[in-house]
Number of protein chains: 2
Amino acid sequence: MSTTLKPAGETRAGDVLARMRSDIISCALKPGTKLRFETLKELYEVSFSTLREALSRLVAEGLVVAEGQRGFLVAPVSLFDLNDLTDVRVLIERQCIKLAIDCGDDRWEADIMANFHRMDRLQSRLGASYYLSDEWASLHGAFHLSLVAACGSPNLLEIRQKLFERAHRYRRMSSQFRPQWRAKDVEHKMIMDRVIARDTATAQDLVDRHIRETTENVIAHASHLFAQGGMGDSFRRKDPVAAE
Amino acid sequence: MSTTLKPAGETRAGDVLARMRSDIISCALKPGTKLRFETLKELYEVSFSTLREALSRLVAEGLVVAEGQRGFLVAPVSLFDLNDLTDVRVLIERQCIKLAIDCGDDRWEADIMANFHRMDRLQSRLGASYYLSDEWASLHGAFHLSLVAACGSPNLLEIRQKLFERAHRYRRMSSQFRPQWRAKDVEHKMIMDRVIARDTATAQDLVDRHIRETTENVIAHASHLFAQGGMGDSFRRKDPVAAE
DNA sequence: AGGTTTGATTATTTCGAAAATCCGCAGTAA
DNA sequence: TTACTGCGGATTTTCGAAATAATCAAACCT
């Protein structure tokens with residue numbers, strides 16, 4: 001579940017929000033699950049109103065959906081959504097990379113290397129199953145964020161972050177079935193190198209491939225868990241690649 | 001069919017949310033204003049919890065900001081935010097246009113023309129001050145949406161819609177000072193023509209210019225209302241144009 | 001006087017009960 | 001059988017009071 005740290009200055013609602021988000025992303029709360037208030041009240045030890053506030057915010061983040069006057073649901077997963085999400089992520093991430101390379105300074109470069117190192121060290125320490133660790137996921141997120149943190153666009157970064165978290169839920173779904181993932185650490189190092197070398201085009205292409213290959217991996221190993229309903233699973237855009 | 005299957009079942013919170021959003025976008029609630037619960041409770045005739053839920057959702061939409069345990073604020077406006085918003089909108093809108101042109105069918109084309117006609121007729125009826133009308137703003141929004149509705153990406157459309165609404169607030173700020181706007185109706189017609197002719201590159205460039213010129217107009221006539229604080233107003237990205 | 005603590009006041013956040021709504025099911029009629 | 005209607009229990013949504021935190025100013029110490 002989630003850690004119940006209560007650092008002073010954090011509202012109760014904010015704390016519940018963070019814990020629920022974490023539980024949804026980690027699939028402790030499974031996609032499509034009906035979220036009953038009585039259950040949640042017991043699980044998170046808060047009252048109706050506080051829950052409702054947290055749920056409302058999660059709706060806006062796309063991790064929960066509101067069903068009219070019939071309560072809330074953990075946002076379902078689907079092949080269509082995963083493909084769409086991936087395409088949008090690629091568009092956003094390419095732009096972030098470009099801007100960061102244009103605007104980044106020395107401190108930005110140092111930050112990237114520091115974050116890579118942290119992630120890399122933990123990876124070695126944990127061995128083959130690093131990808132199951134919440135801590136590694138956190139460092140992995142921090143590394144990818146550090147690559148684009150200097151892009152200078154708060155709006156782009158906020159959109160990116162929300163998409164990243166939703167994608168993380170899909171990654172998580174496949175990791176439980178795939179004891180040995182492909183060697184992403186090599187990819188991460190290559191991306192870092194090209195970004196710091198200010199080689200925009202190559203860095204963009206590497207990140208693009210990094211994202212798409214992960215998606216393909218998820219589809220290969222976890223798509224049997226996806227919802228069948230809604231817009232057809234087999235639908236695929238003609239040209240899913242971002243314009244440029 | 002799948003038109004609007006939302007007959008009567010609207011929650012109170014949803015209603016308040018819509019009204020507050022409208023009031024913020026129309027600047028009836030001015031940017032930077034402290035939102036006191038007692039005031040809002042009286043204004044919208046609902047209780048604490050319901051207000052809190054609406055406010056939480058607006059925070060996620062970027063129209064309201066939460067200040068720790070010190071309540072809520074109407075999101076401030078700034079030159080920096082306007083420029084950033086504009087750049088992100090251009091990136092998203094170009095992609096939407098491209099995808100819509102790739103995927104759109106006959107019904108999509110007909111929809112665009114119907115929406116243009118509605119907007120155009122109201123414009124004629126209202127005369128020179130059409131841009132002050134909420135109804136025109138609504139039809140204008142519907143027209144722009146219809147241009148990209150066929151893009152096939154729910155995620156992209158949702159992001160686009162939120163950005164559009166935030167930008168509308170800025171447009172609104174300048175319209176009160178500018179009795180005679182430039183002839184946007186001509187631009188709209190040109191955009192529609194190029195989109196329906198499936199001339200992707202030209203359509204993208206026209207929409208790009210449409211957005212950026214509006215922003216420049218706002219800056220020219222309303223930037224004196226913007227907040228001074230935060231990141232410097234004069235900051236401008238080196239190359240604000242989307243990559244491609 | 002300058003700066004800090006204390007205490008009263010105001011505003012926000014949380015709670016749990018009360019009202020409104022939905023869902024399933026039985027009963028009735030066509 | 002099929003469709004419609006009305007009840008009973010379960011669930012969600014709303015409310016306003018109570019708890020908690022921030023603000024401000026007067027009193028206090030140095």
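Note on naming: letters A, B, ... go to the chains in the order of the sequence lines (proteins, then strands), and numbering restarts at 1 for each one. Below, each value reflects all heavy atoms present in this structure, side chains not excepted, and no hydrogens, waters or symmetry copies. Just so we're clear, the structure is a prediction, and the values are computed from it rather than from any experiment.
Results of the side-chain contact (heavy atoms from CB on, under 4.5 Å) test with A/R212 over A/V90, A/N83, A/N217, A/V207 single out A/V90 as the only residue that passes.
Nucleic acid contact for B/L40: none, since no nucleic acid atom lies under 4.0 Å from a heavy atom of the residue.
Looking at residues 41-54 of chain B, you'll see B/V46, B/S47, B/F48, B/S49, B/T50 sit with a heavy atom under 4.0 Å from some atom of DNA chain D.
Whole-Å rounding puts the B/R36 CZ to C/dT10 C1' distance at 10 Å. Remark: C1' of D/dT13 and CG of B/L17 are 15 Å apart, rounded to the nearest angstrom. The nearest whole Å value for the distance from the CD atom in B/E67 to the P atom in D/dT23 is 10 Å. Regarding A/F37, its CZ atom lies at a distance of 14 Å from the C1' atom of C/dG16, rounded to whole Å. A straight line from CD of A/Q69 to P of D/dT12 spans 12 Å, rounded to a whole angstrom. One interatomic measurement links the two molecules: CD of B/E38 to P of D/dA17, which rounds to 11 Å at whole-angstrom precision. Between the CG atom of A/L55 and the C1' atom of D/dT13 there is a distance of 13 Å, rounded to whole Å.
Taking 4.0 Å as the cut-off between side-chain N and carboxylate O, A/D23 and A/R19 do not count as a salt-bridged pair. By the 4.0 Å N-to-carboxylate-O rule, A/E165 lies too far from A/R169 to be salt-bridged with it. Between A/K162 and A/E61 there is no salt bridge, since no side-chain nitrogen of the basic residue lies less than 4.0 Å from a carboxylate oxygen of the acidic one.
The side chain of B/R70 lies closest to D/dA22 when the candidates are D/dT13, D/dA22, C/dT13.
Side-chain contact between B/F72 and B/E67 is absent, with no heavy-atom pair separated by less than 4.5 Å.
Listed for the B/T39 side chain is no donor-acceptor partner under 3.5 Å among the backbone atoms of B/L35.
At C/dC23, none of the side-chain N or O atoms of A/K34 fall inside 4.0 Å of OP1 or OP2 (strictly under the cut-off). An OP1 or OP2 oxygen of D/dC15 is reached within less than 4.0 angstrom by a side-chain nitrogen or oxygen of B/R12.
Identified under the salt bridge (Lys or Arg N to Asp or Glu O under 4.0 Å) test for residues 130-149 of chain B, with sequence neighbours left out: B/D134-B/R172.
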